[in-house]
Amino acid sequence: MKTTTNLLILFLSLLMSACSQNKTPDAQKASAVFSINSNYLLLPIEDNAPEIRMQVKYNDEQPVEVINLRLAHVKADYWVKLDVANYKGSKITIDFENTEKNSWGVKNIKQSDKFEFDYNETYRPQFHFSPEYGWMNDPNGMVYLDGEYHLFYQYNPYGTKWQNMHWGHAVSTDLNSWTYLPTAIAPDSLGAIFSGSAVIDVNNTAGFGKNAMVAIYTSAGRVQSQSIAYSTDKGRTFTKYEGNPVIPNPGIPDFRDPKVFWHNESNQWIMSLATKQTITFYGSANLKSWTRLSEFGDGIGSHGGVWECPDLIPLTYNGKTKWVLIVSINPGGPNGGSATQYFIGDFDGKTFRADALPYPLWMDYGRDNYAGVTWSNIPENDGRKIFMGWMSNWDYANNVPTKNCRSAMTVARELKIANNGKHLVVSNYPVSETKTLRALESAIKDVVVEKEVVISNLLDKNKGTYEIEMTLKPQNAGIFGFMLQNSKNEELEFRFDMTTGFFSIHRHKSGLVDFEGRFAAGMNAPLVKKDAYKVRLLVDKASAEIFINEGELALTTIFFPTEVMNKLKFYTNEGKFSAEHIKIYQIK
Ligand code: FRU
């Protein structure tokens, strides 16, 4: 008897929960209609609200845009815009899923001819690229054409967390200052627009026109596949190829981030593609049909996470060409989360073979340089391989304490092969153009440090954008280094440990650190023992990039001080060291 009652109760409760499951989605669908008379619809966003899906229909036609966003529940943290200028006089219907009919967010959507946001928020970098507003991750499609360096990037125009991947776009003539251009490539029925590259089709191999700019990217929908789009107006507008995808998904989930270059020797385009935890190379005569050539990566390098954003480039060392394969990996970086490893070897037009080196080798041992690749089509008379990375880490990128915009890129860096005294490395060092950013220069007398020496005022009216150059000579010091400090007892520490042979950065006391549990941890890099270390440190509000011995060792870190760090403290735990040729530059 008891059992029968229990079964009945179970049956009834299952029935009720089934009914309520059926009912919930309906009850939570909202719809709003707008007669458009302005340039923009402004949508209120609250970063802690759950993500919902909205579909935008213009004049009752099929939905043309599907957007995932955190529509505000009770208050707007900030606003995002839907550009509706072309629909003035017509009707726009927006359907919202998982949204109550009377939701505060829906009710507060407004029309406006202006879109305003706080561009100058505290941690906005001054000489690093950051998106005008919204979320940014990887640099994409970096290509040089007719005096302009193009920088496309993974971009969410509808919020400051990762979503709705578009290619944002900016150009620069000097790699220092950037002009924002309209979003270049938007999601379509094949999916969001993930990372990829761009080339200039000098010989019109694809038939889109001589010198067409061709973007090769991942369409990330139900599966990941590779697509192309072209521009014949210097990247201002792109047309998607009607034959997309050009490489369909072969049945693996992680299949992305195509980086393409023209390989003269084998007379074809070569694509490096991240395929789970390997890189697969493809070849093509026309950018449209691709043949699989080979695969690299099994049993070599770091495999702590998925491989992403490859780049295969030739560099000259001792008069000979060496090929470098750059591979980002997440997680599995040397200090947790995301990082970029590389391999040095040879490439014959089909196969990449790595030299025997102590892999994994990391482009940057800091925690904030990810998904970096190089510019294509740099003129021969320049010949540099110029690299730029995303200055964040998937461990915490979505939660860093900024509001209207999230994340910046590193400065542009030149890649070279160098010998660090133990083995070959790929050095990365700010491009020479960065020196033109220097304004006021002040020299500080050489110091010999026993215990500590404090320089209490680096710059008058320090706005948090500066550069320090110096040579540190360890002499007989064991652990020594320097710290940037402010009057709030916040500090960012750079430590040379000659006893263990490690260089490290410690940011646990650097200001706001507890927005994400994994942020505060420090970062270590192997340090080759030398008599002198040439140091160059670039600070831009919320980031520090340190280059040791012309980038033989590089570490990038972001940090969020609550006051500018205008004090420099040298310290040693035992013995003494000297700091020589110290120069402080204010950055324009
Ligand atoms: C790397 C990455 C890429 C992908 C993109 C998506 O940070 O995960 O592999 O294409 O971001 O935004």
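Computed from heavy atoms alone, side chains included, the values below leave out hydrogens, waters and symmetry copies. None of the values given here were measured: they were computed from a predicted structure. Whatever order the structure lists ligands and atoms in, that order sets their numbers, starting from 1.
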Could you find the nearest protein heavy atom to atom 1 (C) of ligand 1 and give me its residue, atom name and distance?
->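 Looking at atom 1 (C) of ligand 1, the protein heavy atom closest to it is Asp138 OD2, 2.9 Å.
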
Considering only protein heavy atoms, which is closest to atom 6 (C) of ligand 1, and at what distance to one decimal place?
-> Gln154 OE1, 3.2 Å

Separation between CD (Gln126) and OG (Ser177), nearest 0.5 Å, reads 12.5 Å

Salt-bridge contact [X]-[Y] (side-chain N to carboxylate O under 4.0 Å):
| X | Y | answer |
| --- | --- | --- |
| Arg256 | Asp254 | yes |
| Lys403 | Asp118 | no |
| Lys161 | Asp47 | no |

Ligand 1 atoms in contact with [X] (distance to a heavy atom under 4.0 Å):
| X | answer |
| --- | --- |
| Asp257 | 3 (C), 4 (C), 9 (O), 10 (O) |
| Arg256 | 3 (C), 4 (C), 9 (O), 10 (O) |
| Ser195 | 5 (C), 10 (O) |
| Met165 | 12 (O) |
| Tyr370 | 1 (C), 7 (O) |
| Trp394 | 1 (C), 7 (O) |
| Asn137 | 5 (C), 6 (C), 7 (O), 11 (O), 12 (O) |

N or O pair under 3.5 Å between Glu308 and ligand 1 = yes

Please verify the inter-ring angle class for [X] with [Y]; under 30° counts as parallel, over 60° as perpendicular, anything in between as tilted.
| X | Y | answer |
| --- | --- | --- |
| Tyr119 | Tyr180 | perpendicular |
| Trp394 | Trp162 | perpendicular |
| Phe560 | Phe515 | perpendicular |

Do any N or O atoms from the side chain of Asp540 and from the backbone of Pro125 form a donor-acceptor pair under 3.5 angstrom?
->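 It does not hold such a pair.
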
Determine, using heavy atoms of Trp390 and all atoms of ligand 1, whether some pair is separated by less than 4.0 Å.
-> no

